[in-house]
Amino acid sequence: MQTKMWIPENPSDPKDASIQEAARLLNHQEVVAFPTETVYGLGADATNEKAVSGIFEAKGRPSDNPLIVHVSNREQVDLMVNHIPDVAYSLMEAFWPGPLTLIMESNGAAASNVTAGLSTIGIRMPNHPLALALLEATGKPLAAPSANRSGRPSPTKADHVKQDLDGRVAGILDGGTTGVGLESTVLDCTSDVPVILRPGGITKEQLEEVLPHVAIDPALAGSESDKPKSPGMKYTHYAPESPLWLVEGEDDFFIEQLEQLKRDGQRVGVIASHELAGKLDHAPVIRCGSRDQLSEVAVKLYDALREFKRSEVDIILTEAFSEKGVGAAVMNRLRKAAVQVVSED
Ligand code: TXA
Ligand code: MG
């Protein structure tokens with residue numbers, strides 16, 4: 001399959017010629033990648049089972065992993081859920097369009113493979129003019145997971161999508177680099193106290209400004225306390241080409257780990273904050289922003305993970321960041337991407 005690449009002239013206009021062409025393909029059960037404010041998504045008509053199966057095929061995604069449905073208006077939400085809980089109304093009001101996915105009871109209107117057989121459905125309204133224009137032009141809610149091959153870091157640039165999916169999808173709409181850099185927060189609104197299933201662009205602190213109580217899925221908290229992981233353990237998410245080691249501790253401890261690996265003859269690539277990078281006498285190092293600006297780290301993280309090639313480095317070493325604010329999402333992704341967590345204590 002030939003993959004079309006479009007750079008729309010009028011990215012916020014549903015009548016733009018490229019957006020119209022992409023919408024036509026989507027309405028013919030094809031899959032098309034498009035930018036959102038978080039990462040690029042791989043879209044298909046959420047009401048059409050055949051179209052949605054194209055997403056799983058192109059990504060090589062296990063069929064038991066449900067997809068997020070993207071909408072451009074509230075009516076599309078009404079069409080897909082049994083009822084909208086009060087908390088969900090407040091959250092839509094506060095954070096939509098934006099990086100917050102709300103899990104609600106599905107009414108079965110979405111294709112069954114969207115929800116992977118669950119009784120619930122995840123929905124969000126993306127805060128990106130091109131995504132919204134495409135949704136308007138298509139006139140349908142779009143199921144869209146991140147537009148990477150399953151297991152790889154999510155794409156924050158059209159070129160990342162091309163690296164993973166060229167020849168496997170009908171087209172890619174190029175809207176430049178995405179803003180947040182990490183995926184949306186997934187929040188389960190079906191219980192009395194909403195539960196964060198995946199930390200993301202809307203932080204727990206922001207949710208707490210709107211909700212009296214927010215819980216965190218125990219599965220997330222659990223992985224936090226786990227100490228050194230054995231190589232290869234269940235980590236097939238966000239994986240860079242070379243194995244990633246996450247170093248938790250002071251800068252001196254990081255430097256010791258780096259020096260030891262070099263003495264062992266390993267070619268090491270480093271991902272570090274400006275603060276740590278400034279103390280290193282080493283190359284290659286990718287600087288991913290300041291420790292005091294974790295939103296900057298979020299924007300650069302996936303690009304950094306894609307940067308190091310297997311032919312150039314044997315191991316990628318990254319520092320651990322604070323878990324405040326969007327740092328919770330950054331650390332969640334790093335823990336999943338890492339084959340080894342090296343801790344000072
Ligand atoms: O920012 C994002 O959310 C991006 C952009 C493209 O919108 N999308 C994204 O989709 O990250 P994906 O498929 O890579 O991740 C969706 C996550 C998965 O962890 C999935 O298990 C969860 O959302 N999810 C979807 N529907 C769910 C449901 N009904 N119940 C529980 N989890 C669900
Ligand atoms: Mg994903």
Side-chain angles (χ1 to χ4, degrees), residues 31-44 46 52 55-56 58-72 80-82 88 95-108 110-128 130-132 134-135 141-156 158 160-161 164-165 172-173 175 178-191 194-202 217 219-220 236-239 298-299 301-302 305 326 329 332-333 336-337:
V31 296
V32 169
F34 62 94
T36 78
E37 81 282 32
T38 58
V39 300
Y40 274 74
L42 186 60
V52 171
I55 294 177
F56 287 93
K59 281 189 59 120
R61 180 176 175 113
S63 59
D64 62 355
N65 194 358
L67 307 177
I68 293 171
V69 175
H70 296 65
V71 298
S72 57
M80 287 182 296
V81 302
N82 276 332
F95 299 112
W96 278 14
L100 178 66
T101 296
L102 302 175
I103 307 286
M104 293 177 270
E105 295 293 343
S106 165
N107 66 5
S112 61
N113 46 355
V114 167
T115 54
L118 296 178
S119 61
T120 55
I121 185 164
I123 306 179
R124 84 179 190 98
M125 189 185 291
N127 187 16
H128 193 289
L130 180 38
L132 291 170
L134 180 66
L135 283 159
L142 294 175
S146 50
N148 48 279
R149 285 296 285 266
S150 220
R152 298 268 294 141
S154 302
T156 54
H160 295 162
V161 181
D164 278 16
L165 298 174
I172 302 171
L173 279 162
T178 60
V180 179
L182 297 177
E183 299 86 342
S184 63
T185 301
V186 177
L187 187 73
D188 184 353
C189 297
T190 61
S191 49
V195 185
I196 296 176
L197 302 183
R198 176 178 75 180
I202 298 292
D217 182 0
L220 293 173
T236 48
H237 271 84
Y238 318 109
V299 169
L301 183 66
Y302 287 141
L305 290 177
V326 78
N332 169 267
R333 305 309 190 270
K336 284 185 187 280

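Counting starts at 1 for both ligands and their atoms, following the listed order.
At least one donor-acceptor pair under 3.5 Å links the side chain of R61 to the backbone N or O of P66. The backbone N or O of R149 lies less than 3.5 Å from a partner atom in the side chain of D164, making a donor-acceptor pair.
Every atom of ligand 1 with a heavy atom of A144 under 4.0 Å away is listed here by number and element: 6 (C), 8 (N), 10 (O). Residue contact check: T38 has heavy atoms under 4.0 Å from atoms 1 (O), 2 (C), 4 (C), 5 (C) of ligand 1. Residue R61 has at least one heavy-atom neighbour below 4.0 Å for each of these atoms of ligand 1: 12 (P), 13 (O), 14 (O). Close approach to S146 involves these atoms of ligand 1, each under 4.0 Å from a residue heavy atom: 8 (N), 9 (C), 10 (O), 12 (P), 14 (O). Atom numbering of ligand 1 starts at 1 in the shown order; those under 4.0 Å from a heavy atom of L118 are 28 (C), 29 (N), 30 (N). Taking a cut-off of under 4.0 Å to the non-hydrogen atoms of G41, the atoms of ligand 1 that pass are 6 (C). For ligand 1 and N65, the ligand atoms under 4.0 Å from any heavy atom of the residue are 18 (C), 20 (C), 21 (O). The ligand atoms of ligand 1 that sit less than 4.0 angstrom from a heavy atom of V186 are 23 (O).
Looking only at side-chain heavy atoms (C-beta outward), L102 and I123 stay at 4.5 Å or farther from each other. Side chains of M125 and V71 form a contact here, defined as non-hydrogen atoms less than 4.5 Å apart. Counting heavy atoms from C-beta on, the side chains of T178 and V180 never come closer than 4.5 Å.
On a distance-only criterion, T101 and ligand 1 share no N/O pair closer than 3.5 Å. Not one N or O of T36 is nearer than 3.5 Å to an N or O of ligand 1, by distance alone.
For the residue pair T38 / S184, no side-chain donor-acceptor distance below 3.5 Å is found, with atom types taken as modelled. Checking S146 against E183 by side-chain atom types alone, no donor-acceptor pair falls below 3.5 Å. Between the side chains of T36 and R124, a donor-acceptor pair is found at a separation under 3.5 Å.
Summary of contacts: the protein heavy atom closest to atom 30 (N) of ligand 1 is I103 CD1, 3.6 Å. In terms of protein heavy atoms, atom 24 (N) of ligand 1 is closest to P66 CG, 3.8 Å. With respect to atom 15 (O) of ligand 1, the closest heavy atom belonging to the protein is R198 NH1, 3.0 Å. Of the protein's heavy atoms, L197 CD1, 3.7 Å lies nearest to atom 31 (C) of ligand 1. The protein atom (non-hydrogen) at minimum distance from atom 3 (O) of ligand 1 is S184 OG, 2.5 Å. In terms of protein heavy atoms, atom 29 (N) of ligand 1 is closest to T120 OG1, 3.1 Å. Looking only at protein heavy atoms, the nearest one to atom 16 (C) of ligand 1 is I68 CD1, 3.5 Å.
Between the CD atom in E37 and the CG atom in L130 there is a gap of 12.0 Å [rounded to 0.5 Å]. With rounding to the nearest 0.5 angstrom, the OH atom of Y238 is 6.0 Å from the CG atom of N332. Note that the NZ atom of K336 and the CZ atom of R198 stand 9.5 Å from one another [nearest 0.5 Å]. Atom-to-atom distance recorded for Y302:OH and R333:CZ is 4.5 Å, nearest 0.5 angstrom. Taken to the nearest 0.5 Å, the CG atom of L118 stands 9.5 Å off from the CG atom of N65. Here the NE2 atom belonging to H160 is positioned 10.0 Å from the CG atom belonging to L305, to the nearest 0.5 angstrom.
In this structure, T115 does not count as a contact residue of ligand 1, since none of its heavy atoms falls inside 4.0 Å of the ligand.
When all heavy atoms of I202 and T185 are compared, the closest pair comes out as O-OG1, 2.6 Å.
Of the options H128, K59, H70, the smallest heavy-atom separation from atom 7 (O) of ligand 1 is shown by H70.
The distance cut-off of 2.8 Å around the Mg ion (ligand 2) captures these protein N, O or S atoms, sorted by chain and number: S146 OG.
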